[in-house]
Number of protein chains: 2
Amino acid sequence: MAYLERTSETMGHGVVAARSVREIADTPQARTQRHGQHHVVFYEGDAAERIYELQDGIVMLYKLLPDGRRQVVEILTRGMIFGTAGGPRYDVSAETLTPVRLAVHERREVDASAVLQSHVAKCLMAQMEGLHEHAMLLGRKSAMERVASYFMRMVPNRGGEGCAGPVSEACDPHDLVLNMTRQEIADYLGLTIETVSRVISELKRRGVIRLERQDRIHVTRVCGLCQLTGIH
Amino acid sequence: MAYLERTSETMGHGVVAARSVREIADTPQARTQRHGQHHVVFYEGDAAERIYELQDGIVMLYKLLPDGRRQVVEILTRGMIFGTAGGPRYDVSAETLTPVRLAVHERREVDASAVLQSHVAKCLMAQMEGLHEHAMLLGRKSAMERVASYFMRMVPNRGGEGCAGPVSEACDPHDLVLNMTRQEIADYLGLTIETVSRVISELKRRGVIRLERQDRIHVTRVCGLCQLTGIH
DNA sequence: CGACATTTTGACCTAATTCAAGCATCGTGG
DNA sequence: CCACGATGCTTGAATTAGGTCAAAATGTCG
């Protein structure tokens with residue numbers, strides 16, 4: 001557990017003390033990997049020999065159809081796990097969206113360690129809820145609801161059910177950074193790039209958001225955005 | 001099974017958790033529950049106090065939006081686990097599609113047992129792949145591809161990638177039972193009931209399937225159906 | 001048999017896609 | 001520092017897959 005658990009010094013936002021360690025040591029336990037943006041950690045179909053915990057940064061998991069259609073199935077943030085597999089091969093590809101720091105465990109290590117498995121179970125239980133939510137989004141929400149939900153994901157204390165008060169403190173503006181291209185967003189939301197763009201423009205038009213830059217969004221009215229997610 | 005089955009069927013989606021099955025026994029280990037068809041094991045929003053393993057039968061997990069839109073997020077078969085939660089409440093409702101036999105574990109039992117957690121981890125890793133596959137279906141496949149994929153799920157040794165040979169032994173016909181109404185299928189596939197019906201009619205017209213009954217399908221050409229799933 | 005529920009079919013409509021330009025934005029090298 | 005491609009983003013017009021609404025048909029069961 002010690003190695004999967006985030007140590008207090010790393011809890012802060014990407015502080016990183018000088019320790020220019022690429023691999024802390026050859027601990028039989030976890031080792032740490034670092035990767036830059038747009039690095040593919042593994043491909044769908046690769047032998048599933050390692051399990052990863054994301055210590056810092058963002059990773060996306062996606063699947064491809066032979067004709068090139070892509071679906072981003074999960075977006076992972078700090079503390080989440082990936083690389084788990086039911087069979088001998090990965091069912092998705094994993095690609096970094098930002099520079100990342102990963103804790104890496106050999107599959108057999110995990111198979112042999114009750115502590116690790118316990119941790120994996122806990123993480124997967126939580127992550128599964130995200131997948132359920134995403135299935136609802138993909139199967140039943142309109143383009144506007146999908147984009148609004150996507151933005152709300154990135155607002156801390158996002159109005160999950162208990163967003164109640166429409167004019168309360170939750171209504172103050174909020175800034176967020178996308179870390180994804182329009183194409184990646186589209187592939188995550190099950191839309192085309194054009195539709196994503198159009199919906200964003202519509203949100204600007206309605207005064208709900210403002211674009212500081214392509215990938216930096218100022219949410220003028222968080223509650224207004226939340227109202228558009230379909231969960232109210 | 002007979003007792004109290006009514007209780008939780010008090011309608012009102014998710015609102016009140018009227019379960020009172022908890023007093024069956026105080027077995028520290030797993031106990032077994034049986035339920036008939038269309039029984040709701042728990043509602044979205046209920047306190048997540050138990051984890052279930054499906055020993056026999058079929059269960060579906062679904063989420064609802066406040067306006068009534070429903071998305072079936074997972075269909076569970078023998079050996080699969082449900083009722084896991086990241087937080088204190090279930091994020092989905094669980095309803096039986098057939099009579100079922102369930103192994104029930106108190107949440108705290110699981111929290112205290114390395115063996116159980118190990119088992120849960122294993123199951124969730126496998127089930128997660130199903131959710132990924134489903135996200136691909138919901139986000140990127142056409143109505144025809146969705147229905148074809150849905151039917152293929154129920155063909156044993158379904159052509160997952162290695163379906164290669166188009167005229168091989170895999171091409172022989174196959175019978176399957178749906179266990180779901182058109183509405184349930186539609187809610188699983190992210191379509192309307194009319195679209196599901198139309199696609200099924202189209203498959204009949206093309207001679208790929210034949211309806212023995214509403215819920216019994218004879219797949220005349222398994223390979224033909226497989227070709228329509230989008231994975232080739 | 002007859003009443004109800006589910007499924008199918010038809011006609012029409014709309015949200016989202018597709019195709020095709022135009023625009024920003026950004027990094028590079030002159 | 002600015003011109004220049006390159007890349008990614010936005011916008012418009014036309015198309016379409018799937019949804020909606022409204023019967024009709026089929027199945028189910030007392």
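Basis for what follows: all heavy atoms, side chains included, without hydrogens, waters or symmetry-related copies. Letters A, B, ... are given to chains in the order of the sequence lines, protein chains preceding strands, and every chain is numbered from 1.
Counting only heavy atoms from C-beta on, B:Thr192 has its side chain closest to D:dT20 among D:dT20, D:dC9, C:dT18. Side-chain proximity of A:Arg198 to the nucleotides C:dT8, D:dG12, D:dC21 is greatest for D:dG12. Comparing C:dT7, D:dG19, D:dT11 by their nearest atom to the side chain of B:Gln214 picks out C:dT7.
Put simply, B:Ser142 has no side-chain N or O that comes within less than 4.0 Å of OP1 or OP2 on D:dA17. Taking 4.0 angstrom as the limit, B:Arg213 places none of its side-chain polar atoms (N or O) nearer than this to OP1 or OP2 of D:dG27. Taking only side-chain nitrogens and oxygens, B:Thr195 never comes nearer than 4.0 Å to OP1 or OP2 of D:dG18.
Here the P atom of nucleotide D:dG27 and the CD atom of B:Glu212 are 13 Å apart, to the nearest Å. Distance A:Gln183 CD to C:dT17 P: 11 Å, rounded to the nearest Å. Protein atom CZ of B:Arg140 is 16 Å distant from nucleotide atom P of D:dA17, rounded to whole Å. For B:Leu189 and D:dA17, the CG to P distance is 18 Å, given to the nearest whole Å. In this structure, the CD atom of A:Glu145 is 14 Å from the C1' atom of C:dA16, given to the nearest Å. If you measure from atom CD1 of A:Ile193 to atom P of D:dT7, you get 14 Å, rounded to the nearest angstrom. If you measure from atom CD of A:Glu202 to atom P of D:dT10, you get 14 Å, rounded to the nearest angstrom. Between B:Glu184 atom CD and C:dA5 atom P the separation is 16 Å, expressed in whole Å.
Across all strands, A:Ser197 comes closer than 4.0 Å to base atoms (heavy-atom distances). A:Leu191 comes within 4.0 angstrom of sugar-phosphate atoms only, judged by non-hydrogen atoms across all strands, and of no base.
Inter-residue side-chain proximity for B:Asp215 and B:Asn179 is flagged as unmet; no heavy-atom pair is nearer than 4.5 Å.
Residue-to-nucleotide contacts include no donor-acceptor pair under 3.5 Å from the side chain of A:Arg205 to the base of D:dT10. Side-chain atoms of A:Glu194 and base atoms of D:dC9 include no donor and acceptor less than 3.5 Å apart.
Classification of A:Arg140 and B:Asp187 as a salt-bridged pair holds, one side-chain N sitting under 4.0 Å from a carboxylate O.
The heavy-atom pair separating A:Tyr188 from A:Gln71 by the smallest distance is O-NE2, 3.1 Å.
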Step by step, would you call B:Glu74 with B:His134 a side-chain hydrogen bond (donor to acceptor under 3.5 Å, both in side chains)?
CA-CA 8 Å; B:Glu74 212 173 346; B:His134 197 222; over 6 Å; no
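Shown are A:Tyr90, A:Tyr62, A:Tyr52; of these, the ring pair (Phe, Tyr, Trp, His ring centres under 6.0 Å) with A:Phe82 is made only by A:Tyr52.
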